[in-house]
Amino acid sequence: KTGKLVVIVGPMYSGKTSELIQFVEIYSLGKKKFKAFKPVIDDRYDDTHIVSHTNTKVKAFPITNPEEIKNKISGDESAVFIDEIQFFSENLAEVIQELIFNGIDVYCSGLDLTYKNNPFKTTSLIMSYADEVIKKKAVCHECGEYAGTISYKIVENGGEIDVGGFDKYIAVCRNCYVKLKGGN
Ligand code: ADP
Ligand code: TMP
Ligand code: MG
Ligand code: ZN
């Protein structure tokens, strides 16, 4: 039997990592084998754990290249979990395809859009292969509505790849995004 692919997307602070960790718990409680991965570049809270903004965490292998996932897999895993997929090369999509065709369930999460409102290519690609896409929302930092779909950068430096948290980004709804942009 082939595995399934579940992708969790949305802006920053929308609960992507928390939801990923909840899926980990389901496999963990079921005594199923699994492995978790995260990009080395994401060193915000911890190198060797996937950590949410509310400090829930799961042990994970920090990797640079998607191919490293294949090397770490022994074949008896029921599931593989990957956070911050937007930071990986597009080749991650092929590696994930290989896993699901080999009967392993894959759960991954990441940003769908950069703070410039451009799609993250790797996330878009993986969403096309997904059995289920879970789109999360954040509370808009400006108007307080539960409609935040875009991350907005409050400091002007760095490019579209720039690791950070509350020091650099807020989540906003589309209307507030337009207002903030206009005010620049
Ligand atoms: P993500 O991985 O999408 O950035 P996390 O799962 O790490 O999200 O964190 C989600 C948590 O962040 C929420 O449960 C909430 O406690 C907190 N949080 C902080 N700011 C916001 C916001 N603007 N909207 C929603 N949750 C927020
Ligand atoms: P989060 O979705 O778990 O909050 O983490 C998103 C990470 O991505 C965080 O380190 C900031 C980074 N990031 C970028 O590199 N570019 C962007 O355009 C945005 C919005 C976030
Ligand atoms: Mg996260
Ligand atoms: Zn708003």
Side-chain angles (χ1 to χ4, degrees), residues 5-28 34-64 66 69 79-88 92 96 106-120 122-124 126-127 130 132-155 158 160-184:
L5 173 59
V6 177
V7 185
I8 306 161
V9 299
M12 290 183 68
Y13 320 115
S14 62
K16 303 181 299 295
T17 300
S18 304
E19 182 138 356
L20 188 74
I21 292 172
Q22 283 174 14
F23 282 118
V24 170
E25 192 177 20
I26 289 168
Y27 283 77
S28 177
F34 63 86
K35 286 196 173 74
F37 299 90
K38 61 176 277 182
V40 165
I41 176 181
D42 171 37
D43 58 358
R44 273 183 310 181
Y45 297 114
D46 193 307
D47 305 339
T48 56
H49 288 82
I50 291 170
V51 186
S52 74
H53 293 296
T54 50
N55 208 33
T56 54
K57 54 182 83 175
V58 161
K59 201 156 179 39
F61 294 105
I63 58 167
T64 307
I69 296 175
V80 159
F81 300 89
I82 314 164
D83 198 9
E84 307 281 3
I85 54 170
Q86 77 276 0
F87 288 142
F88 288 108
L92 178 61
I96 288 174
V106 177
Y107 293 82
C108 47
S109 53
L111 296 171
D112 41 6
L113 296 170
T114 73
Y115 73 94
K116 290 184 174 169
N117 200 28
N118 294 322
F120 270 108
T122 298
T123 307
S124 306
I126 293 169
M127 281 167 70
E132 188 182 355
V133 177
I134 302 172
K135 185 129 178 171
K136 310 282 291 180
K137 288 176 297 185
V139 174
C140 174
H141 187 271
E142 296 293 297
C143 70
E145 291 304 312
Y146 183 44
T149 52
I150 316 180
S151 313
Y152 181 82
K153 202 168 192 175
I154 52 176
V155 292
E160 283 177 287
I161 304 274
D162 187 12
V163 172
F166 298 112
D167 54 329
K168 292 181 187 166
Y169 301 97
I170 55 174
V172 293
C173 73
R174 189 180 290 114
N175 292 329
C176 292
Y177 186 81
V178 169
K179 276 185 208 150
L180 288 170
K181 283 282 158 194
N184 277 348

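Order of listing sets the numbers, starting from 1, for every ligand and every atom in it. FYI, the numbering just counts along the sequence from 1.
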For side-chain hydrogen bond (donor to acceptor under 3.5 Å, both in side chains), just list the numbers for Tyr45 and His53, CA-CA rounded to whole Å, side-chain angles, deciding distance to a tenth of an Å, and then say yes or no.
CA-CA 9 Å; Tyr45 297 114; His53 293 296; 2.7 Å; yes
To the nearest 10 degrees, how large is the angle at the Zn ion (ligand 4) between Cys176 SG and Cys173 SG?
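My answer is 100°, to the nearest 10°.
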To check your reading of the site, what angle at the Zn ion (ligand 4) do SG of Cys143 and SG of Cys140 form, to 10°?
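Centred on the Zn ion (ligand 4), the SG/SG angle is 110° (to 10°).
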Test of proximity, [X] against ligand 1: N or O pairs below 3.5 Å:
{"X": "Gly15", "value": "yes"}
{"X": "His53", "value": "yes"}
{"X": "Tyr13", "value": "yes"}
{"X": "Val139", "value": "yes"}

Does this structure show an ion pair linking [X] with [Y], if we count only N-O contacts that are shorter than 4.0 Å?
{"X": "Arg44", "Y": "Glu84", "result": "yes"}
{"X": "Lys179", "Y": "Glu142", "result": "no"}
{"X": "Lys16", "Y": "Asp83", "result": "no"}

For Phe166, is there any backbone N or O sitting under 3.5 Å from a side-chain donor or acceptor partner on Tyr13?
yes
Main chain of Asp42, side chain of Lys38: is a donor-acceptor contact present, judged purely on distance under 3.5 Å?
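Side chain of Lys38 to backbone of Asp42, a donor-acceptor pair under 3.5 Å: yes, one is there.
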Students should be able to answer this: which protein heavy-atom is nearest to [atom], and at what distance?
{"atom": "atom 19 (C) of ligand 1", "answer": "Phe166 CZ, 3.9 Å"}
{"atom": "atom 15 (C) of ligand 1", "answer": "Thr54 CG2, 4.1 Å"}
{"atom": "atom 2 (O) of ligand 1", "answer": "Thr17 OG1, 2.8 Å"}

Just the protein N/O/S atoms under 2.8 Å from the Mg ion (ligand 3), please, no waters.
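For the Mg ion (ligand 3), the protein N, O and S atoms that sit under 2.8 Å away are Thr17 OG1.
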Is ligand 1 less than 4.0 angstrom away from at least one heavy atom of Ser14?
yes
Taking a cutoff of less than 4.0 Å between a non-hydrogen atom of the residue and any ligand atom, is Ser109 in contact with ligand 1?
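Distance cut 4.0 Å: Ser109 fails for ligand 1.
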For Ala138 and Ala171, work out which heavy atoms get closest and say how close.
CB-CB, 3.6 Å
Member of Phe23, Tyr27, Phe61 meeting the ring-ring contact (aromatic ring centres under 6.0 Å, His included) criterion with Phe81
Tyr27
Part of Ala171 with heavy atoms under 4.0 Å of ligand 1, whether side chain, backbone, both or neither:
neither
